[in-house]
Q: 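Here it is, the structure in full.
Quick note on labels: first sequence line is chain A, next is B, and so on, each numbered from 1. All values below come from the heavy atoms of this structure, side chains included, with hydrogens, waters and symmetry mates left out.
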2 protein chains.
Amino acid sequence: MNGDERAILERYLRSRGLKMTQARETVLTAFLGLESHVSADAIYEAAKRLDPGIGQATVFRTVKLLADAGLAREACRDDGARRYEHAYNHAHHDHLTCVECGAIVEFVDADIERAQEAVYRRYGFASSGHRLELYGLCPDCAPFDEP
Amino acid sequence: MNGDERAILERYLRSRGLKMTQARETVLTAFLGLESHVSADAIYEAAKRLDPGIGQATVFRTVKLLADAGLAREACRDDGARRYEHAYNHAHHDHLTCVECGAIVEFVDADIERAQEAVYRRYGFASSGHRLELYGLCPDCAPFDEP
DNA sequence: CCCGTATTGATGATGATTATCGATACGGCT
DNA sequence: AGCCGTATCGATAATCATCATCAATACGGG
(Lines give C-alpha, C1' and ligand atoms only; values in the text may rest on other atoms or scores of the structure.)
Protein backbone atom coordinates (compact mmCIF):
# COMPACT_ATOMS: atom_id res chain seq x y z
CA MET A 1 0.00 0.00 0.00
CA ASN A 2 2.83 2.29 0.87
CA GLY A 3 4.56 1.41 -2.34
CA ASP A 4 3.32 4.37 -4.31
CA GLU A 5 4.19 6.91 -1.68
CA ARG A 6 7.56 5.34 -1.09
CA ALA A 7 8.34 5.46 -4.79
CA ILE A 8 7.23 9.08 -5.04
CA LEU A 9 9.38 10.08 -2.11
CA GLU A 10 12.36 8.19 -3.45
CA ARG A 11 12.00 9.75 -6.86
CA TYR A 12 11.75 13.18 -5.31
CA LEU A 13 14.82 12.62 -3.18
CA ARG A 14 16.80 11.27 -6.13
CA SER A 15 15.96 14.31 -8.21
CA ARG A 16 17.53 16.50 -5.57
CA GLY A 17 20.58 14.42 -4.81
CA LEU A 18 19.12 13.25 -1.53
CA LYS A 19 18.97 9.77 -0.18
CA MET A 20 16.21 7.38 0.76
CA THR A 21 17.13 6.40 4.28
CA GLN A 22 15.76 4.22 7.02
CA ALA A 23 14.72 7.20 9.10
CA ARG A 24 12.86 8.83 6.23
CA GLU A 25 11.03 5.65 5.50
CA THR A 26 10.06 5.39 9.14
CA VAL A 27 8.64 8.92 9.13
CA LEU A 28 6.76 8.25 5.91
CA THR A 29 5.23 5.09 7.35
CA ALA A 30 4.33 6.88 10.55
CA PHE A 31 2.69 9.70 8.65
CA LEU A 32 0.72 7.37 6.38
CA GLY A 33 -0.55 5.48 9.39
CA LEU A 34 -2.12 8.54 10.94
CA GLU A 35 -5.36 10.26 10.19
CA SER A 36 -5.45 13.65 8.57
CA HIS A 37 -4.64 16.88 10.34
CA VAL A 38 -1.73 15.73 12.44
CA SER A 39 0.90 17.87 14.06
CA ALA A 40 4.58 17.25 13.47
CA ASP A 41 4.76 16.22 17.08
CA ALA A 42 2.09 13.57 16.63
CA ILE A 43 4.07 12.19 13.72
CA TYR A 44 7.12 12.17 15.95
CA GLU A 45 5.25 10.14 18.55
CA ALA A 46 4.09 7.67 15.93
CA ALA A 47 7.57 7.41 14.47
CA LYS A 48 9.02 6.70 17.90
CA ARG A 49 6.71 3.76 18.18
CA LEU A 50 8.23 2.36 14.99
CA ASP A 51 11.78 3.31 15.92
CA PRO A 52 12.28 4.54 19.48
CA GLY A 53 15.66 5.98 18.58
CA ILE A 54 14.44 8.43 15.98
CA GLY A 55 15.12 12.10 16.65
CA GLN A 56 12.58 14.87 16.71
CA ALA A 57 14.67 17.04 14.41
CA THR A 58 14.71 14.27 11.85
CA VAL A 59 10.94 14.09 11.91
CA PHE A 60 10.56 17.82 11.41
CA ARG A 61 13.04 17.76 8.57
CA THR A 62 11.43 14.78 6.91
CA VAL A 63 7.87 16.03 7.18
CA LYS A 64 9.00 19.11 5.34
CA LEU A 65 10.41 16.87 2.65
CA LEU A 66 7.13 14.98 2.44
CA ALA A 67 5.38 18.28 1.85
CA ASP A 68 7.85 19.26 -0.83
CA ALA A 69 7.46 15.87 -2.46
CA GLY A 70 3.72 16.40 -2.64
CA LEU A 71 2.85 13.62 -0.19
CA ALA A 72 1.81 15.91 2.64
CA ARG A 73 -0.04 19.17 2.61
CA GLU A 74 0.29 21.85 5.21
CA ALA A 75 -3.06 22.63 6.78
CA CYS A 76 -3.61 26.04 8.30
CA ARG A 77 -2.30 26.29 11.83
CA ASP A 78 -5.28 27.55 13.76
CA ASP A 79 -3.86 26.89 17.16
CA GLY A 80 -0.17 26.87 17.93
CA ALA A 81 1.15 24.01 15.87
CA ARG A 82 1.28 23.43 12.17
CA ARG A 83 -0.80 20.52 10.96
CA TYR A 84 -0.32 18.20 8.02
CA GLU A 85 -2.67 16.06 6.03
CA HIS A 86 -2.25 13.43 3.34
CA ALA A 87 -1.94 14.85 -0.13
CA TYR A 88 -1.49 11.72 -2.23
CA ASN A 89 -4.62 9.87 -3.28
CA HIS A 90 -6.52 12.29 -1.14
CA ALA A 91 -8.25 14.76 -3.37
CA HIS A 92 -8.39 18.42 -2.64
CA HIS A 93 -10.99 19.43 -0.11
CA ASP A 94 -11.88 22.25 2.22
CA HIS A 95 -12.70 22.17 5.91
CA LEU A 96 -15.76 22.94 7.95
CA THR A 97 -14.75 23.12 11.59
CA CYS A 98 -16.91 23.28 14.69
CA VAL A 99 -15.57 26.03 16.92
CA GLU A 100 -17.07 24.31 19.95
CA CYS A 101 -16.06 20.66 19.79
CA GLY A 102 -13.43 20.82 17.08
CA ALA A 103 -15.17 18.37 14.76
CA ILE A 104 -13.96 18.67 11.20
CA VAL A 105 -16.01 17.99 8.09
CA GLU A 106 -14.12 17.72 4.83
CA PHE A 107 -16.06 18.83 1.83
CA VAL A 108 -15.73 19.84 -1.79
CA ASP A 109 -18.15 22.23 -3.35
CA ALA A 110 -18.17 22.66 -7.10
CA ASP A 111 -19.81 26.08 -6.90
CA ILE A 112 -17.11 27.38 -4.62
CA GLU A 113 -14.33 25.97 -6.76
CA ARG A 114 -15.91 27.50 -9.84
CA ALA A 115 -16.34 30.87 -8.22
CA GLN A 116 -12.73 30.82 -7.09
CA GLU A 117 -11.56 30.26 -10.64
CA ALA A 118 -13.58 33.28 -11.63
CA VAL A 119 -11.80 35.36 -9.00
CA TYR A 120 -8.42 34.24 -10.32
CA ARG A 121 -9.43 35.27 -13.82
CA ARG A 122 -10.83 38.57 -12.64
CA TYR A 123 -7.51 39.62 -11.16
CA GLY A 124 -5.30 37.98 -13.78
CA PHE A 125 -3.74 35.55 -11.34
CA ALA A 126 -2.58 32.04 -12.17
CA SER A 127 -3.99 29.67 -9.58
CA SER A 128 -1.67 27.64 -7.42
CA GLY A 129 -3.96 26.42 -4.71
CA HIS A 130 -6.15 27.76 -1.97
CA ARG A 131 -7.17 27.22 1.58
CA LEU A 132 -10.74 27.57 2.77
CA GLU A 133 -11.78 27.09 6.35
CA LEU A 134 -15.39 27.52 7.36
CA TYR A 135 -16.06 27.91 11.06
CA GLY A 136 -19.31 27.37 12.83
CA LEU A 137 -21.31 25.28 15.24
CA CYS A 138 -22.00 21.70 14.33
CA PRO A 139 -25.52 20.32 14.84
CA ASP A 140 -24.50 18.70 18.14
CA CYS A 141 -23.11 21.94 19.53
CA ALA A 142 -25.75 24.33 18.21
CA PRO A 143 -27.74 26.07 20.97
CA PHE A 144 -30.93 24.44 19.76
CA ASP A 145 -31.87 22.05 17.01
CA GLU A 146 -33.29 23.19 13.73
CA PRO A 147 -36.98 24.00 13.94
CA MET B 1 -10.51 59.96 12.86
CA ASN B 2 -9.62 57.61 15.66
CA GLY B 3 -12.66 58.75 17.57
CA ASP B 4 -14.91 55.91 16.54
CA GLU B 5 -12.39 53.22 17.25
CA ARG B 6 -11.44 54.78 20.55
CA ALA B 7 -15.07 54.93 21.58
CA ILE B 8 -15.65 51.33 20.58
CA LEU B 9 -12.67 50.15 22.52
CA GLU B 10 -13.63 52.16 25.58
CA ARG B 11 -17.17 50.86 25.47
CA TYR B 12 -15.89 47.31 25.18
CA LEU B 13 -13.51 47.76 28.08
CA ARG B 14 -16.19 49.33 30.24
CA SER B 15 -18.53 46.47 29.62
CA ARG B 16 -15.93 44.12 31.03
CA GLY B 17 -14.82 46.18 33.97
CA LEU B 18 -11.56 47.07 32.27
CA LYS B 19 -9.99 50.46 31.96
CA MET B 20 -9.10 52.73 29.10
CA THR B 21 -5.44 53.44 29.74
CA GLN B 22 -2.66 55.39 28.13
CA ALA B 23 -0.89 52.23 27.01
CA ARG B 24 -4.00 50.82 25.39
CA GLU B 25 -4.64 54.03 23.54
CA THR B 26 -1.06 54.00 22.29
CA VAL B 27 -1.43 50.47 20.95
CA LEU B 28 -4.73 51.36 19.30
CA THR B 29 -3.19 54.39 17.61
CA ALA B 30 -0.19 52.37 16.50
CA PHE B 31 -2.41 49.68 15.05
CA LEU B 32 -4.65 52.14 13.23
CA GLY B 33 -1.63 53.81 11.69
CA LEU B 34 -0.43 50.61 10.06
CA GLU B 35 -1.58 48.92 6.91
CA SER B 36 -3.44 45.67 7.03
CA HIS B 37 -1.84 42.32 7.76
CA VAL B 38 0.60 43.34 10.44
CA SER B 39 2.25 41.10 12.98
CA ALA B 40 2.00 41.79 16.69
CA ASP B 41 5.67 42.56 16.59
CA ALA B 42 5.21 45.23 13.92
CA ILE B 43 2.56 46.83 16.09
CA TYR B 44 5.00 46.71 18.97
CA GLU B 45 7.61 48.53 16.89
CA ALA B 46 5.08 51.18 15.87
CA ALA B 47 3.90 51.58 19.46
CA LYS B 48 7.46 52.03 20.65
CA ARG B 49 7.79 54.95 18.27
CA LEU B 50 4.82 56.58 20.01
CA ASP B 51 5.93 55.59 23.50
CA PRO B 52 9.42 54.10 23.78
CA GLY B 53 8.65 52.79 27.23
CA ILE B 54 5.81 50.50 26.25
CA GLY B 55 6.30 46.81 26.92
CA GLN B 56 5.96 44.02 24.43
CA ALA B 57 3.68 42.04 26.70
CA THR B 58 1.33 44.99 26.89
CA VAL B 59 1.13 45.13 23.12
CA PHE B 60 0.36 41.43 22.84
CA ARG B 61 -2.29 41.75 25.51
CA THR B 62 -3.84 44.81 23.98
CA VAL B 63 -3.92 43.52 20.44
CA LYS B 64 -5.87 40.58 21.76
CA LEU B 65 -8.30 43.04 23.32
CA LEU B 66 -8.62 44.88 20.03
CA ALA B 67 -9.55 41.63 18.40
CA ASP B 68 -12.12 40.87 21.09
CA ALA B 69 -13.53 44.36 20.74
CA GLY B 70 -14.02 43.80 17.03
CA LEU B 71 -11.46 46.36 15.94
CA ALA B 72 -8.87 43.88 14.73
CA ARG B 73 -9.26 40.59 12.97
CA GLU B 74 -6.82 37.74 13.13
CA ALA B 75 -5.58 36.84 9.67
CA CYS B 76 -4.25 33.39 8.98
CA ARG B 77 -0.66 32.92 10.01
CA ASP B 78 0.97 31.61 6.89
CA ASP B 79 4.52 32.06 8.02
CA GLY B 80 5.58 32.00 11.65
CA ALA B 81 3.73 34.92 13.15
CA ARG B 82 0.08 35.73 13.57
CA ARG B 83 -1.11 38.70 11.56
CA TYR B 84 -3.84 41.20 12.25
CA GLU B 85 -5.87 43.45 10.03
CA HIS B 86 -8.34 46.26 10.60
CA ALA B 87 -11.86 45.07 11.21
CA TYR B 88 -13.73 48.33 11.79
CA ASN B 89 -15.00 50.15 8.72
CA HIS B 90 -13.28 47.47 6.77
CA ALA B 91 -15.82 44.98 5.58
CA HIS B 92 -15.25 41.27 5.42
CA HIS B 93 -13.08 40.18 2.54
CA ASP B 94 -10.93 37.30 1.41
CA HIS B 95 -7.36 37.32 0.19
CA LEU B 96 -5.68 36.55 -3.09
CA THR B 97 -1.96 36.28 -2.48
CA CYS B 98 0.88 36.10 -4.97
CA VAL B 99 3.18 33.27 -3.92
CA GLU B 100 6.07 34.94 -5.72
CA CYS B 101 6.10 38.58 -4.64
CA GLY B 102 3.68 38.45 -1.73
CA ALA B 103 1.26 40.97 -3.19
CA ILE B 104 -2.17 40.73 -1.60
CA VAL B 105 -5.46 41.51 -3.30
CA GLU B 106 -8.47 41.81 -1.06
CA PHE B 107 -11.70 40.79 -2.65
CA VAL B 108 -15.28 39.85 -1.94
CA ASP B 109 -17.17 37.51 -4.17
CA ALA B 110 -20.89 37.15 -3.77
CA ASP B 111 -20.96 33.76 -5.47
CA ILE B 112 -18.41 32.37 -3.08
CA GLU B 113 -20.20 33.78 -0.05
CA ARG B 114 -23.46 32.33 -1.28
CA ALA B 115 -21.95 28.93 -1.96
CA GLN B 116 -20.43 28.89 1.50
CA GLU B 117 -23.82 29.49 3.08
CA ALA B 118 -25.10 26.51 1.11
CA VAL B 119 -22.33 24.36 2.55
CA TYR B 120 -23.23 25.41 6.08
CA ARG B 121 -26.83 24.47 5.44
CA ARG B 122 -25.87 21.19 3.85
CA TYR B 123 -24.05 20.04 6.97
CA GLY B 124 -26.37 21.66 9.49
CA PHE B 125 -23.74 24.03 10.82
CA ALA B 126 -24.38 27.53 12.13
CA SER B 127 -21.92 29.88 10.49
CA SER B 128 -19.49 31.82 12.60
CA GLY B 129 -17.04 33.05 10.02
CA HIS B 130 -14.58 31.74 7.51
CA ARG B 131 -11.16 32.26 6.12
CA LEU B 132 -10.37 31.95 2.44
CA GLU B 133 -6.92 32.39 1.00
CA LEU B 134 -6.33 31.99 -2.70
CA TYR B 135 -2.72 31.53 -3.77
CA GLY B 136 -1.32 32.07 -7.21
CA LEU B 137 0.92 34.14 -9.42
CA CYS B 138 0.00 37.76 -9.98
CA PRO B 139 0.14 39.17 -13.50
CA ASP B 140 3.56 40.69 -12.84
CA CYS B 141 5.04 37.43 -11.65
CA ALA B 142 3.37 35.10 -14.15
CA PRO B 143 5.88 33.38 -16.46
CA PHE B 144 4.32 35.06 -19.47
CA ASP B 145 1.46 37.49 -20.05
CA GLU B 146 -2.00 36.42 -21.06
CA PRO B 147 -2.23 35.57 -24.74
C1' DC C 1 -7.59 62.83 47.81
C1' DC C 2 -7.75 57.55 48.96
C1' DC C 3 -8.08 52.88 48.13
C1' DG C 4 -9.08 48.59 45.91
C1' DT C 5 -8.34 46.76 41.75
C1' DA C 6 -6.78 46.61 36.99
C1' DT C 7 -2.57 47.41 34.46
C1' DT C 8 2.10 47.74 33.40
C1' DG C 9 6.75 46.35 32.03
C1' DA C 10 10.55 43.28 32.96
C1' DT C 11 11.66 38.91 33.09
C1' DG C 12 11.31 34.14 32.97
C1' DA C 13 8.69 30.17 31.01
C1' DT C 14 6.69 27.71 27.28
C1' DG C 15 5.97 25.41 22.86
C1' DA C 16 7.13 24.89 18.21
C1' DT C 17 10.50 24.98 15.04
C1' DT C 18 15.31 25.53 13.35
C1' DA C 19 20.45 25.61 13.37
C1' DT C 20 24.71 23.44 14.88
C1' DC C 21 27.88 19.74 15.11
C1' DG C 22 30.40 15.53 15.78
C1' DA C 23 29.37 10.85 14.72
C1' DT C 24 27.43 7.74 11.39
C1' DA C 25 25.22 5.64 7.40
C1' DC C 26 24.69 5.63 2.13
C1' DG C 27 25.86 4.22 -2.13
C1' DG C 28 28.72 4.88 -6.30
C1' DC C 29 33.11 3.32 -7.61
C1' DT C 30 36.80 0.28 -7.80
C1' DA D 1 33.54 -6.47 -0.72
C1' DG D 2 35.75 -2.30 0.87
C1' DC D 3 36.71 2.94 0.54
C1' DC D 4 35.44 7.57 0.60
C1' DG D 5 32.97 11.91 -0.01
C1' DT D 6 28.87 13.56 1.20
C1' DA D 7 24.23 13.44 3.05
C1' DT D 8 22.04 12.27 7.29
C1' DC D 9 21.38 11.37 12.05
C1' DG D 10 20.29 12.48 16.83
C1' DA D 11 21.24 15.38 20.73
C1' DT D 12 21.44 19.73 22.12
C1' DA D 13 21.42 24.55 21.99
C1' DA D 14 19.33 28.48 19.81
C1' DT D 15 15.30 31.11 17.97
C1' DC D 16 10.96 32.89 17.57
C1' DA D 17 6.40 34.03 18.92
C1' DT D 18 3.64 34.07 22.68
C1' DC D 19 2.21 33.62 27.50
C1' DA D 20 2.50 33.64 32.66
C1' DT D 21 4.26 35.77 36.78
C1' DC D 22 4.88 39.45 39.90
C1' DA D 23 6.15 43.61 42.26
C1' DA D 24 5.44 48.43 41.30
C1' DT D 25 2.18 51.74 39.50
C1' DA D 26 -1.80 54.05 37.47
C1' DC D 27 -7.09 54.52 37.36
C1' DG D 28 -11.19 56.31 38.75
C1' DG D 29 -15.33 55.91 41.76
C1' DG D 30 -16.56 57.57 46.13
Q: Using a strict threshold of under 4.0 Å (side-chain N to carboxylate O), is an ion pair present between B/Arg122 and A/Asp109?
A: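 So A/Asp109 pairs with B/Arg122 through a salt bridge.
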
Q: Counting N and O atoms only, with roles assigned by atom type, does the side chain of B/Thr62 sit under 3.5 Å from a partner on the main chain of B/Thr58, one being a donor and the other an acceptor?
A: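 Yes: the side chain of B/Thr62 pairs with the backbone of B/Thr58.
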
Q: Report the distance from atom CG of B/Leu9 to atom P of C/dT7, rounded to the nearest whole Å.
A: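 Rounded to whole Å, this separation is 11 Å.
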
Q: Could you state the CG-P distance from B/Leu28 to C/dT7, rounded to the nearest angstrom?
A: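 Roughly 15 Å, once rounded to whole Å.
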
Q: Mind listing the residues from residues 66-75 of chain B sitting with a heavy atom below 4.0 Å of DNA chain D? Number order is fine.
A: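 Correct list: empty, so none.
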
Q: Ignoring hydrogens and geometry, is there a side-chain-to-backbone donor-acceptor pair from A/Arg24 to A/Lys19 under 3.5 Å?
A: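 Yes: the side chain of A/Arg24 pairs with the backbone of A/Lys19.
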
Q: Check nucleotides 11-16 of chain C against the protein and report each pair of N or O atoms closer than 3.5 Å, with its distance, or say if there are none.
A:
none

Q: Atom CD of residue position A/Glu106 - does it have more than 12 heavy atoms of other residues, nucleotides or ligands inside 6.0 Å?
A: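 Atom CD in A/Glu106 is crowded, with more than 12 foreign heavy atoms closer than 6.0 Å.
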
Q: Sequence neighbours left out, what pairs pass ring pair (Phe, Tyr, Trp, His ring centres under 6.0 Å) with at least one residue falling in residues 19-42 of chain B?
A: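 Qualifying pairs, neighbours excluded: B/Phe31-B/His86, B/His37-B/His95.
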
Q: To the nearest angstrom, how far is A/Ile54 atom CD1 from C/dA25 atom P?
A: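 About 14 Å, once rounded to whole Å.
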
Q: Hey, any chance A/Val105 and A/Ile112 share a hydrophobic cluster, counting ILVMFWY side chains that come within less than 4.5 Å of each other, even indirectly?
A: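 Yes; tracing contacts between hydrophobic side chains, which count when under 4.5 Å, links both residues.
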
Q: What is the distance from CD of A/Glu25 to P of D/dC9, rounded to the nearest Å?
A: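 After rounding, the reported distance stands at 12 Å.
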
Q: What is the distance, to the nearest angstrom, from the CD atom on A/Glu10 to the P atom on D/dT8?
A: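 Distance, rounded to whole Å: 13 Å.
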
Q: Taking the basic N atoms (NZ, or NE/NH1/NH2) and the acidic carboxylate oxygens, is any pair closer than 4.0 Å for A/Glu117 and A/Arg121?
A: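 Here A/Glu117 does not pair with A/Arg121 in a salt bridge, since their nearest N and O are not under 4.0 Å apart.
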
Q: Taking DNA chain C as the partner, which of residues 15-24 of chain A come within under 4.0 angstrom of it by heavy atom?
A: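 Residues of residues 15-24 of chain A that come under 4.0 Å of DNA chain C are, in numerical order, A/Lys19, A/Met20.
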
Q: Over how many whole Å does the gap from A/Arg14 atom CZ to D/dA7 atom P extend?
A: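 One finds 15 Å between P of D/dA7 and CZ of A/Arg14, rounded.
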
Q: Rounded to whole angstrom units, what separation is found between the CZ atom of B/Arg83 and the C1' atom of D/dT18?
A: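 Whole-Å distance recorded here is 15 Å.
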
Q: For residues 39-51 of chain B, which side-chain N or O atoms pair as donor and acceptor with protein atoms under 3.5 Å away, sequence neighbours left out?
A:
unit_1  : atom_1 : unit_2  : atom_2 : d
B/Ser39 : OG     : B/Ala42 : N      : 3.1
B/Asp41 : OD1    : B/Gln56 : NE2    : 3.3
B/Asp51 : OD1    : B/Gly53 : N      : 3.0

Q: Report yes if at least one side-chain N or O of A/Lys64 is closer than 4.0 Å to OP1 or OP2 of C/dT18; otherwise report no.
A: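 For C/dT18, OP1 or OP2 has a side-chain N or O of A/Lys64 closer than 4.0 Å.
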
Q: Within the distance-only criterion (no hydrogens, no angle test), does the side chain of A/Arg131 pair as donor or acceptor with the backbone N or O of A/Asp94 below 3.5 angstrom?
A: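 Not a single qualifying donor-acceptor pair exists.
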
Q: Are side-chain N/O atoms of A/His90 and A/Glu85 paired as donor and acceptor at under 3.5 Å?
A: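 A/His90 vs A/Glu85: no donor-acceptor pair found between side chains.
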
Q: Could you note down all residue pairs passing ring pair (Phe, Tyr, Trp, His ring centres under 6.0 Å) where residues 98-124 of chain B supplies at least one of them, sequence neighbours left out?
A: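 Sorted result for residues 98-124 of chain B: empty, none.
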
Q: Between B/Arg61 (CZ) and D/dC19 (C1'), how many Å, whole number?
A: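 About 10 Å, once rounded to whole Å.
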
